[in-house]
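Just so we're clear, the structure is a prediction, and the values are computed from it rather than from any experiment. Numbering of ligands and ligand atoms starts at 1, following listing order.
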Amino acid sequence: MKQGKVDALLGIVFGDEGKGKVVDVFTPRYDVVARFAGGPNAGHTIIFDGKKFVLRSIPSGVFDEGKLNIIGNGCVIAPDLFMAEARELENAGYDLRSRLHISKRAHLILPTHRVLDRAYEAAKGKNKVGTTGKGIGPTYSEKASRTGLRVGDILSDFPQKYAALKARHEKILRDLDFTDYDISEEERLWMEGIDYMRQFSLSDTEIEINRLLAEGKNVLAEGAQGTMLDIDHGTYPFVSSSSTTTGGVCTGLGVGPGSIGEVYGIFKAYSTRVGAGPFPVELFDETGDRLREIGHEYGAVTGRNRRCGWVDLVALRYAIMINGVTQLIMMKSDVLDGFSTIRACVAYEKDGCRVTDMPFDTEGWQAVYQDLPGWQEDLSAMTSEEQFPASFKAYIKFLEDELHTPITILSVGPDRAQTIIR
Ligand code: IMP
């Protein structure tokens with residue numbers, strides 16, 4: 001039997017590219033949808049039939065009844081938030097328990113990890129990362145320092161393990177002089193979440209996935225965040241704490257590189273970033289405000305204003321290289337409707353030095369732009385490529401030429417139906 005493949009669907013800039021919508025469109029093609037990195041810092045929005053869901057930890061394949069969904073070993077999971085998210089789906093009529101498997105090797109986010117997230121941010125002063133406050137950094141740090149708790153730990157002697165780790169965190173917080181917190185209610189819900197999680201299949205998902213691949217089944221690896229937030233390849237230290245790239249698919253699901261098939265890189269027709277850190281294309285003028293307003297660029301998890309700017313080809317080229325992207329997916333093209341000129345950042349410049357490759361130190365660079373004509377038509381009403389205005393076609397062609405990668409899917413609105421496959 002022909003071995004199945006793992007196709008990766010990755011945000012390739014700063015997250016919020018619209019992965020949830022594409023996974024939802026792609027799900028019918030796959031047998032399994034798996035998350036391999038991140039946790040409730042993600043907010044994947046899916047809109048269909050007038051309904052809207054925001055998924056944080058649960059893969060976006062859950063709306064298709066026949067599919068298996070997996071939270072892989074590379075993920076971190078907060079039982080209380082998982083319970084709230086899963087209950088909302090169950091209340092909406094989706095049966096999760098038989099179709100959602102959680103890796104025993106995924107790490108648990110404790111309530112005290114969230115307090116530590118706040119404490120570490122407070123201690124950073126003006127160098128704050130602007131985290132989502134979900135305890136992501138402290139949980140991954142503990143994974144690396146080999147002191148964390150994993151999902152499989154809830155199956156034996158859990159109260160003792162939990163108490164020991166909580167006590168360790170409380171000591172760190174005392175040492176940081178960060179004592180003004182009360183997690184009693186949060187902890188109650190968290191423990192309820194632990195019991196709730198026990199009703200799911202907590203399994204060796206890496207073995208399960210490899211068995212399914214051997215049976216010829218295909219897996220879609222649903223990325224979280226984006227390449228520029230990757231712990232290795234992003235704008236460190238203003239990054240998240242996981243491997244958000246194709247390499248992270250292998251480690252975060254336990255599959256070999258030979259299993260990887262297509263690598264879909266998702267980006268928006270313009271750029272956004274939430275939280276602190278370098279962002280050379282950021283616009284501080286009314287154009288930035290207009291992109292934010294039309295694109296509804298407010299964080300799905302924290303509600304913060306997203307920083308907005310034109311598309312960044314330096315970042316995109318780098319991400320395509322790091323991930324081995326084979327196909328590009330451009331989202332939110334309709335947000336650019338009505339601009340007389342569209343700009344694209346083709347290089348960065350600092351102190352008379354111009355670069356087209358992503359520099360090590362991403363602070364202080366200015367964007368160098370190429371201007372292209374805009375269009376006045378309403379893309380959101382278009383259902384095929386033939387209807388596209390000439391300027392939009394030229395924008396697509398320009399991007400494909402610059403990035404040496406085909407754009408095979410274009411999204412022109414939030415609904416599932418507003419997706420044009422080329
Ligand atoms: P953390 O992942 O909560 O530690 O946050 C680290 C950085 O990544 C912050 O700048 C966050 O705003 C950003 N970040 C984390 N998750 C997402 C996401 O899903 N979309 C966009 N930005 C994110």
Taking the inter-plane angle between the rings of Phe82 and Phe200 on a 0 to 90° scale, is it parallel (under 30°), tilted (30 to 60°) or perpendicular (over 60°)?
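The arrangement is perpendicular - the two ring planes meet at more than 60°.
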For ligand 1, would you mind listing the residues that have at least one heavy atom less than 4.0 Å away, ordered by chain and number?
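Those residues closer than 4.0 Å to ligand 1 by some heavy atom are Phe14, Asp16, Asn41, Ala42, Val129, Gly130, Thr131, Thr132, Ile136, Gln225, Leu229, Val239, Ser240, Val274, Gly275, Arg304.
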Any salt bridge linking Arg174 with Glu170? Criterion: basic side-chain nitrogen under 4.0 Å from a carboxylate oxygen.
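Result for this pair is no, no salt bridge flagged.
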Glu282 with Arg307: basic N within carboxylate O range, under 4.0 Å
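Yes, this pair counts.
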Can you see which heavy atom on Lys268 is nearest to which on Arg306, and at what distance?
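Residues Lys268 and Arg306, closest heavy atoms: NZ-NH1, 4.2 Å.
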Apply the side-chain hydrogen bond (donor to acceptor under 3.5 Å, both in side chains) test between Asn41 and each candidate in Gln225, Lys134, Arg56; give the one that qualifies.
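Result for side-chain hydrogen bond (donor to acceptor under 3.5 Å, both in side chains) with Asn41: Gln225.
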Is the closest side-chain donor-acceptor distance between Asp117 and Thr131 under 3.5 Å?
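Yes, Thr131 and Asp117 have a side-chain donor paired with an acceptor closer than 3.5 Å.
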